[in-house]
J.: 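I'd like to ask you about the structure that follows.
These values consider heavy atoms only, across backbone and side chains, with no hydrogens, waters or symmetry-generated copies. No experiment lies behind these values; they were computed from the predicted model shown.
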Amino acid sequence: MADVPLPRVLSGIQPTAGSFHLGNYLGALRQWVSLQDSAEAFYCVVDLHAITLPQDPAELRRNTLASAAQLLALGVDPDRSTLFVQSHVPEHLQLSWVMECLTGFGEASRMTQFKDKSQREGTAGATVGLFTYPVLQAADILVYQADQVPVGEDQRQHLELTRDLATRFNGRFGQTFTLPSAHIPTGAAKILDLQSPDKKMSKSLPPAGCIDLLDDPAVSAKKIRSAVTDTGREIIADPETKPGVTNLLTIHSALSGRSIAELEDSFAGRGYGDLKKELAEVVTDFVTPVRARTQELLDDPAELERVLRAGAARAREVAGRTVADVYDKVGFLAPAPRSSGAGA
């Protein structure tokens, strides 16, 4: 019997900070690692998306390398998946232009990020890049003929646009693109801000509520000790009445592997201080080897860049085939072959 090919998965993360946070890891990156066993995985650091907002060039370069190093330290294995930097694969942009020419203005206007920003600040504050960013995101997925895309609820609208554009292209030019489906990762945890447990942990909120993976564990422990808790003393998970405590239990459970029910039993009759002290130890145990491995990789940039070059070469093999097919179907003239002679 012939081997059934593994489903192809594409996912990316922006290098907009020097460190990922616990919400990034438990909500998405942990699933990237486990998906390597059941899928042909393409993972990219999406630096093109990062510049939809102003970036300091030197910082963006540092953050891109730090992002790649952290992904490797967290368990992304370049022998089992393709890890690369988005701007190293120009086919993303080549396909994006074709897709922009199939996207309706009203369709792009309805995308959440642009709509929210333009309503808050007016269209003068939003760039064309922010407007077309969901189309580039669609190209990121379609250029690899991805079968599945790991998404949270906030990305569903973008995946629907991707499917719509693929269907539109296929209808006009013939079967070309795989229609990707949403992959809702099992075990993904929604991690909330330590100071505002009604909001997702995010770099856009004040830093006191966000645990960065590369922070000194003493800094993270202090943030955990200062985390907002709830009325009463009982340590139980109840998102409605005890969002703060529930968040701390969720983080503990996700990192320690112990169930929420087991943790509730363990902390019966004990106080919030006990939970925070133990959680700080669990976080320290997790981040210490990740920090060490990330630093080791950053201390050897030549090896890190070698891994990313190899990933980009593999990505371009796949993406190049898609773009060549698309360019042929839309009617672009094929480029003349390059001369291999000793020449002028």
Side-chain angles (χ1 to χ4, degrees), residues 9-36 41-50 52-53 55 59-60 62-77 81 83-86 113 137 140 149-156 158 183-197 199-217 219-220 223-224 227 247-248 250-256 279 282-291 293-295 297-298:
V9 167
L10 179 283
S11 201
I13 190 164
Q14 288 198 31
T16 47
S19 172
F20 297 144
H21 58 69
L22 213 47
N24 297 140
Y25 174 66
L26 294 175
L29 301 179
R30 185 170 62 162
Q31 287 69 41
W32 285 24
V33 176
S34 61
L35 272 169
Q36 295 176 117
F42 285 77
Y43 295 139
C44 59
V45 180
V46 289
D47 54 344
L48 296 172
H49 289 300
T52 55
L53 297 172
Q55 302 290 329
E59 203 172 296
L60 179 59
R62 275 197 308 273
N63 290 349
T64 300
L65 277 177
S67 295
Q70 286 171 88
L71 290 172
L72 293 167
L74 289 166
V76 169
D77 179 353
S81 56
L83 176 65
F84 61 99
V85 174
Q86 185 188 24
Q113 244 180 325
Q137 194 172 52
D140 296 338
V149 185
V151 289
E153 280 305 317
D154 55 340
Q155 291 293 321
R156 276 189 180 279
H158 287 172
H183 173 80
I184 308 298
T186 53
K190 186 177 180 183
I191 304 303
L192 305 173
D193 187 86
L194 298 181
Q195 293 297 320
S196 305
K199 299 182 177 77
K200 269 175 70 172
M201 187 175 283
S202 167
K203 294 280 193 187
S204 61
L205 296 170
C210 185
I211 297 176
D212 285 336
L213 300 186
L214 300 186
D215 265 354
D216 185 313
V219 171
S220 299
K223 289 180 180 181
I224 292 166
N247 190 39
L248 299 180
T250 300
I251 296 170
H252 192 318
S253 173
L255 291 178
S256 67
L279 177 57
V282 167
V283 168
T284 298
D285 288 346
F286 171 70
V287 299
T288 299
V290 172
R291 293 176 78 230
R293 179 65 180 137
T294 300
Q295 193 55 54
L297 288 158
L298 290 172

J.: How long is the span from the CG atom in Leu74 to the CZ atom in Arg30, to the nearest 0.5 Å?
T.: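 Between Leu74 CG and Arg30 CZ, I get 11.5 Å after rounding to 0.5 Å.
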
J.: Quick one: does Asn247's side chain have a donor or acceptor within less than 3.5 Å of a partner on Pro197's backbone?
T.: no

J.: Quick check: do Phe286 and Leu213 have side-chain heavy atoms less than 4.5 Å from each other?
T.: yes

J.: Would you name the heavy atoms of Val290 and Ala73 that are closest together and state the gap between them?
T.: O-CB, 3.7 Å

J.: Are Ile191 and His21 packed together at the side-chain level, in the sense that at least one heavy-atom pair is separated by less than 4.5 angstrom?
T.: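 Not in contact.
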
J.: List for me each residue that meets salt bridge (Lys or Arg N to Asp or Glu O under 4.0 Å) alongside Asp212, sequence neighbours excluded, and say none if there are none.
T.: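 Counting only residues at least two positions away or on another chain, Asp212 forms a salt bridge (Lys or Arg N to Asp or Glu O under 4.0 Å) with Lys203.
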
J.: Restricting to non-hydrogen atoms, name the atom on Met201 and the atom on Gly23 that form the minimum distance, rounded to 0.1 Å.
T.: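 Heavy atoms of Met201 and Gly23 come nearest at SD-N, 3.7 Å.
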
J.: Partners of Asp193 by side chain to side chain contact (heavy atoms under 4.5 Å, CB included), sequence neighbours excluded?
T.: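 Partners of Asp193 by the side chain to side chain contact (heavy atoms under 4.5 Å, CB included) criterion, ordered by chain and then number, come out as Gln195, Ser196, Leu205.
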
J.: Looking at residues at least two apart in the chain, or sitting in another chain, which of them share a salt bridge (Lys or Arg N to Asp or Glu O under 4.0 Å) with Arg62?
T.: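 Once residues adjacent in sequence are excluded, Arg62 has no partner under the salt bridge (Lys or Arg N to Asp or Glu O under 4.0 Å) criterion.
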
J.: Over all heavy atoms of both residues, which pair between Gly12 and Val46 is shortest? Give the atoms and the distance, please.
T.: CA-CG1, 4.2 Å

J.: Can you sort out the partners of Ser34 under side chain to side chain contact (heavy atoms under 4.5 Å, CB included), two or more places apart, ordered by chain and number?
T.: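 Residues passing side chain to side chain contact (heavy atoms under 4.5 Å, CB included) with Ser34: Gln31.
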
J.: Could you grab the distance from atom CD1 of Ile211 to atom OG of Ser220, nearest 0.5 Å is fine?
T.: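 That separation rounds to 5.5 Å.
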
J.: Can you list everything that forms a side chain to side chain donor-acceptor pair (under 3.5 Å) with Ser256? Sequence neighbours excluded, please.
T.: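 Side chain to side chain donor-acceptor pair (under 3.5 Å) list for Ser256, sorted by chain: His252.
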
J.: Are the side chains of Arg293 and Leu72 in contact, using a 4.5 Å heavy-atom criterion?
T.: no

J.: Under the rule for side chain to side chain donor-acceptor pair (under 3.5 Å), what residues qualify as partners of Ser11, not counting sequence neighbours?
T.: Trp32

J.: Please identify each residue that fulfils side chain to side chain contact (heavy atoms under 4.5 Å, CB included) with Thr16, with sequence neighbours left out.
T.: Gln14, Ala50, Gln55

J.: Is Val45 close to Leu71 at the side-chain level, that is, under 4.5 Å between some pair of heavy atoms?
T.: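 Contact flag for Leu71/Val45 side chains = yes.
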
J.: Roughly how far, to the nearest 0.5 Å, is OG of Ser253 from CG of Leu248?
T.: 12.5 Å

J.: Sequence neighbours left out, what passes side chain to side chain contact (heavy atoms under 4.5 Å, CB included) with Ala69? Give chain and number order.
T.: Thr294, Leu297, Leu298, Leu304

J.: Measuring only between side-chain heavy atoms, which start at C-beta, is Pro217 closer than 4.5 Å to Thr288?
T.: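 Answer yes - side chains close enough.
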
J.: So, do Leu29 and Gln70 sit near enough that their side-chain heavy atoms are less than 4.5 Å apart?
T.: no

J.: Report the C-alpha distance between His183 and Leu35 in whole Å, list the side-chain angles of each, state the deciding distance to 0.1 Å, and finish with yes or no for side-chain contact (heavy atoms from CB on, under 4.5 Å).
T.: CA-CA 10 Å; His183 173 80; Leu35 272 169; 3.6 Å; yes

J.: Name all residues meeting the ring-ring contact (aromatic ring centres under 6.0 Å, His included) criterion together with Phe42; count only those two or more places apart in sequence or in a different chain, and write none if there are none.
T.: Tyr144

J.: Between CG of Leu279 and CG of Leu194, what distance do you get to the nearest 0.5 Å?
T.: 8.0 Å

J.: For the atom pair OG1 (Thr284) and CD1 (Ile224), what is the distance rounded to the nearest 0.5 Å?
T.: 7.0 Å

J.: Any donor-acceptor pair under 3.5 Å linking the side chain of Lys200 with the backbone of Lys190?
T.: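 It does not hold such a pair.
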
J.: For residues Gly18 and Asn63, report the shortest heavy-atom separation together with the two atoms involved.
T.: CA-OD1, 3.3 Å

J.: Which residues pass the side chain to side chain donor-acceptor pair (under 3.5 Å) test with Gln86, sequence neighbours left out?
T.: His49, Asp140

J.: Can you see which heavy atom on Leu83 is nearest to which on Ala68, and at what distance?
T.: CD2-O, 4.2 Å

J.: Just verifying a value: how many Å separate Leu255 CG and Leu22 CG, rounded to the nearest 0.5 Å?
T.: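 Rounded to the nearest 0.5 Å, the CG-CG separation comes to 5.5 Å.
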
J.: Run the salt bridge (Lys or Arg N to Asp or Glu O under 4.0 Å) test against Asp77 and tell me which residues pass, sequence neighbours left out.
T.: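 So Asp77 forms a salt bridge (Lys or Arg N to Asp or Glu O under 4.0 Å) with Arg80.
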
J.: My understanding is that only residues two or more places apart in sequence, or in another chain, count here; which of them pass side chain to side chain donor-acceptor pair (under 3.5 Å) with Gln295?
T.: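 Counting only residues at least two positions away or on another chain, Gln295 forms a side chain to side chain donor-acceptor pair (under 3.5 Å) with Asp299.
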
